[in-house]
Amino acid sequence: MTVRVRYAPSPTGDPHVGNIRSALFNWLYARHTGGTFIVRIEDTDQARLVPGSVETILDALRWLGLDWDEGPGSQTPHGPYVQSERLDIYKEHAARLIIEGKAYECYCTPARLDAVRKARQQARQPTGYDRRCRELEGARQAREENPSAKPVVRFKMPEEGNITVNDFVRGEVTFDAALLDDFVLLKSDGYPTYHLANVVDDHLMEITHVMRAEEWLPSAPRHRLLYEAFGYEMPRLIHLPLILGPDRSKLSKRHGAASVLEFREMGYLPDALVNFLALLGWSLDESSEVFSKDDLVKHFTPERILANPAVFNIEKLDWFNGLYIRDMDDAVLADALVPWLEDPEHGLPANALPVNREYLASIVPLERERLKRLSEAPEMLSFFFEERLHYDPALLVPKGLDADGARDALEAALATADGTDDWSVAELEASYRALAERLEVKTGQLFGAVRVAVTGRTAAPPLFDTLAVLGKERCVARLRTALTAL
RNA sequence: GCCCCUAUAGUCUAGCGGCCUAGGACGCCACCCUUUCAAGGUGGAGACCGCGGGUUCGAAUCCCGCUGGGGGCACCA
C-alpha cells in the first residue's frame, strides 16, 4: 500500500504555524515513504472565506519547500482538490444516507438549537441537538414553525453504546455514543460540513493516513460512524499534539506572530523554521536536533510523534535561525540580505541604495555570526553604508580616559590612518598596537575609541577587519568627524 | 456544565521495569578565548520524574484515584 496523505487547510486567513506543522508532518511522512502528498482546499464555509488566502497558503508551502504531488489545478482522477468544486459529490452522499435511513432533514431554527443547548447545559447534561426532527412528528412540527426555511441534513447517531477509535499515537479512545448528537452533514446553503466533506474526500482521494491536530480527536467517533455508514474503509488516524503559546493556550494571533508569513517577515529562514517545527511533537533520539530537510525526510516516522502539547518557544527558534545563518555560504547570505537592506520601509537609507554587491560581499563574513534574523541586517550593517554617523560623544571617551585623553588618542589614530598606505588587516593591527604602546594607553582604550569613531557604536565586528572593509577614505573621514563631535 | 486527551527542569525533549547518583538542547550564570559584540570552548545552577495509593525483589517507566494543563461540545474548520 502506498501512502497517500493530505494537508487540508481552509482558506480563512494566513497559514498558521500550528496548521503548517501538520502540513510538514504529512509532507515528511509522504516523502519518507515515497508516498503522495496532497493539498486539498476545504472552502466549505462561505462566511469565513478570505479572498487570496488559498494563494497565501500555497505560497507558505512553497517558501518552506513543502512541494505537493496533487492539489488545486492538478488534473487527476482524484480531483478536483477544492471542495467548493465538489458540491454535487457531497449532495449525492447526503442523499444516499437519507434514502438508506441513516440521515434526515432537520428544520429546527438556530434559535431553538441555542435554547436546547442552554437548557441542557443548565441541567448538567451534555449539550447537543435533541433529535426532534429525527421523528416524523417532530419534523412536521418544526416545519410548521418554520415553513420557509431550508433544512439541514443530520446524521443519525446511535443512541447508546461505545464508539472506539484507534489513534496511532494514543491508542484506543472510547466515547459514549449517548453523548454524541446528530451532527449536521449538509448545511442549509447546500455546502457540506467538515465532517461530511472530509470523510467523503479522504475516501475518494484514497487517503491512507489522516494526520491532523488533536483538536479533531473529539470528532473522530463521528467520522468513524460516517465511514461505516458509507461502507468505506477508514484511514489510519494520527492526531498531532497542539502547539501552545507561552500561556499554554492554543497558539494564536494574540500570542504575537502565529502566521508563517509573519515569521518570514521577521527574517526567519525556512529551513530553520522547519527544523524547529519538526521538533514540536516529534523527536528522533536523546540528542539529535539539528536536521536538514533531507535528514527529517530520512528519519521521520509517526512512531516518534508525541501525545502531549508543546509550547512554542521563540528563543529556541532564534537559536536555530542563527545556526542556519552561520551555515550559509557567504554569497548566498549576501543575496538573501539584499531584499532586507533595500526594503523601502525598514531597509537602509535611500542614499545608500542600491546596495553595492561587492562591498556587501566583503561585509557579510564580518556580520554573519552576529545575525539571528535577516531582518536585523539593516540596523546591524547600517554603519557600513551611512554617509555620516551620529555620535554620542560620551561613547567616544573610553573608560579610564578623559575627553582630552580621547582627543589625543583619536588625533594620533587619525594621523596613523592617514599615514598608512597598506590598508590591510595585518598592517592596521600592527600600527595601531604600536600606537597604543606609544600613547601608553591600553589597547582596549584606543581600539574602543576608534571603534566608536568609525562605526558610531560600541558593539561591532573586530576592529581591524571593519577598518579594512570600510576602506581608508571612509575611516579617515569618520575619525575627523568624530574629533569635531568630541 | 458534559466529554476526551495529557503530565520528566522556565521551554523543547530522551527514557518504554533494573544501564537513572534522570541524558541532550534552548534560555540563564561563571570562566576561557578576546580590542567591543557575537560565535566557539569549558563548567555550573535548575526536575524530590505533579500528588497519593497500589503491582513488583525492584517504577520516571505498569494500574487506580486526585490535582494541574490542554482540547472539544456550531448550519467553523
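Per chain, numbering begins at 1; letters A, B, ... match sequence-line order. The model shown is predicted, which means the values in this text are computed figures rather than measured ones.
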Next on the checklist: Mind checking if K250(A) touches a base, just sugar-phosphate, or nothing, with heavy atoms under 4.0 Å?
Outcome noted: sugar-phosphate
Distances under 3.5 Å between nitrogen or oxygen atoms of protein and nucleotides 46-49 of chain B:
none

From CG of D202(A) across to P of rA77(B) the rounded distance in Å is 15 Å
query = Under a 4.5 Å cut-off applied to non-hydrogen side-chain atoms, are H239(A) and M211(A) in contact?
reply = no
Ring pair (Phe, Tyr, Trp, His ring centres under 6.0 Å) filter on F383(A), not counting sequence neighbours, yields none
Listing time: all N or O pairs from protein to nucleotides 10-12 of chain B that are below 3.5 Å?
residue	atom	partner	partner atom	Å
rC12(B)	OP1	V311(A)	N	2.9
rC12(B)	O2'	L279(A)	O	3.0

- Query: At under 4.0 Å between heavy atoms, what does V184(A) touch on the DNA or RNA strands: base, sugar-phosphate, or nothing?
  - Reply: sugar-phosphate
N/O (side chain, K118(A)) to phosphate O (OP1/OP2, rG1(B)) under 4.0 Å:
no
- Query: Would you say H203(A)'s side chain and V199(A)'s backbone share a donor-acceptor pair under 3.5 angstrom?
  - Reply: no
message: Taking 4.0 Å as the cut-off, does a side-chain nitrogen or oxygen of R433(A) come that near to OP1 or OP2 on rU35(B)?
response: yes
Residue set satisfying salt bridge (charged side-chain N to carboxylate O under 4.0 Å, His left out) with D201(A), at least two apart, ordered chain then number -> R40(A), R86(A)
Would you verify whether the NZ or CZ of R132(A) falls within 45 degrees of the ring axis of Y129(A) while also being under 6.0 Å from that six-membered ring's centre?
no
_Looking at T44(A), I'd like to know whether one of its side-chain N or O atoms comes within less than 4.0 Å of OP1 or OP2 on rA77(B)._
yes
Using nucleotides 36-39 of chain B, report all nitrogen or oxygen pairs with the protein that are shorter than 3.5 Å.
residue	atom	partner	partner atom	Å
rU36(B)	O4'	R451(A)	NH1	3.3
rU36(B)	O2'	T458(A)	O	3.1
rU36(B)	O2	T458(A)	O	3.2
rU36(B)	O2	A460(A)	N	2.9
rU36(B)	O2	A460(A)	O	3.0
rU36(B)	N3	A460(A)	O	2.5
rU36(B)	O4	P462(A)	N	3.0
rC37(B)	O2	R370(A)	NH1	2.4
rC37(B)	N3	R370(A)	NH1	2.4
rA38(B)	O2'	E369(A)	O	2.5
rA38(B)	N1	E369(A)	OE2	3.2
rA38(B)	N3	E369(A)	OE2	3.0
rA39(B)	O3'	R326(A)	NH1	3.3

So, with a heavy-atom separation below 4.0 Å from RNA chain B, the residues of residues 168-176 of chain A are R170(A), V173(A), T174(A), F175(A)
Write out a two-atom table: protein N or O, nucleotide N or O from nucleotides 18-23 of chain B, distance below 3.5 Å.
residue	atom	partner	partner atom	Å
rG23(B)	N2	E286(A)	O	3.0

Applied to residues 168-179 of chain A, the side-chain hydrogen bond (donor to acceptor under 3.5 Å, both in side chains) test, sequence neighbours excluded, yields T164(A)-T174(A), D167(A)-R170(A)
Practice item. Give a yes/no on whether any side-chain N or O of R222(A) is located under 4.0 angstrom from OP1 or OP2 of rC73(B). Key: no
Students often get this wrong, so: under 4.0 angstrom with heavy atoms, is R117(A) touching a base, only sugar-phosphate, or nothing? sugar-phosphate
Closest to the 5' end of RNA chain B, once T443(A) and D181(A) are matched to their nearest nucleotides, is T443(A)
On RNA chain B, more 5' by nearest nucleotide between S283(A) and P151(A) is S283(A)
Discussion item. Around atom CD of E303(A), are there more than 12 heavy atoms from other residues, nucleotides or ligands closer than 6.0 Å?
Written reply: yes
Rounded to whole Å, CZ of R368(A) lies from C1' of rG40(B) at a distance of 14 Å
query = Which is true for T12(A) with a 4.0 Å heavy-atom rule: it touches a base, it touches only sugar-phosphate, or it touches nothing?
reply = nothing
Worksheet item: Can you tell me if CZ on R143(A) sees more than 12 non-hydrogen neighbours from other groups inside 6.0 Å?
Response: no
(message) Just checking E427(A): does its CD atom have more than 12 heavy atoms from other residues, nucleotides or ligands closer to it than 6.0 angstrom?
(response) yes
(request) Considering just the side-chain nitrogens and oxygens of T127(A), establish if one lies under 4.0 Å of OP1 or OP2 belonging to rC2(B). (result) no
- Query: Side chains of I38(A) and I207(A): does their closest heavy-atom pair fall under 4.5 Å?
  - Reply: yes
From CD of E105(A) across to C1' of rC75(B) the rounded distance in Å is 14 Å
Contacts of Q125(A) meeting side chain to side chain contact (heavy atoms under 4.5 Å, CB included) (sequence neighbours excluded), chain-then-number -> R120(A), A123(A)
Would the distance check show the side chain of S375(A) and the main-chain N or O of M266(A) forming a donor-acceptor pair, the cut-off being under 3.5 Å? yes
TODO: Decide yes or no for P72(A) and V39(A): does some side-chain heavy atom of the first lie under 4.5 Å from some side-chain heavy atom of the second?
DONE: yes
Which part of the nucleic acid does L446(A) contact within heavy-atom distance under 4.0 Å: base, sugar-phosphate only, or nothing?
nothing
Rounded to whole Å, CG of D247(A) lies from P of rG68(B) at a distance of 18 Å
note: N308(A), atom CG; rC16(B), atom C1'; distance rounded to Å ~ 14 Å
Here the distance between atom C1' of rC73(B) and atom CZ of R154(A), to the nearest Å, is 13 Å
Quick note, side-chain hydrogen bond (donor to acceptor under 3.5 Å, both in side chains) partners involving residues 308-321 of chain A, not counting sequence neighbours, are Y268(A)-D318(A), E289(A)-K316(A)
Contacts satisfying ring pair (Phe, Tyr, Trp, His ring centres under 6.0 Å) that involve residues 151-180 of chain A (not counting sequence neighbours) are F155(A)-F183(A)
Here the distance between atom P of rC5(B) and atom CD1 of I238(A), to the nearest Å, is 18 Å
(request) Look at the aromatic rings of F312(A) and F276(A) and report parallel, tilted or perpendicular, splitting at 30° and 60°. (result) perpendicular
When rounded to whole Å, the CZ to C1' distance for the pair F320(A) and rG24(B) reads 12 Å
Side-chain donor-acceptor pairs under 3.5 Å in residues 444-458 of chain A, sequence neighbours left out?
residue	atom	partner	partner atom	Å
Q445(A)	OE1	K442(A)	N	3.0
Q445(A)	NE2	K399(A)	O	2.7
T455(A)	OG1	R451(A)	O	2.7
T455(A)	OG1	R457(A)	N	3.2
T455(A)	OG1	R457(A)	O	3.0
R457(A)	NH1	E379(A)	O	3.3
R457(A)	NH2	E379(A)	O	3.2
R457(A)	NH2	S382(A)	OG	2.9

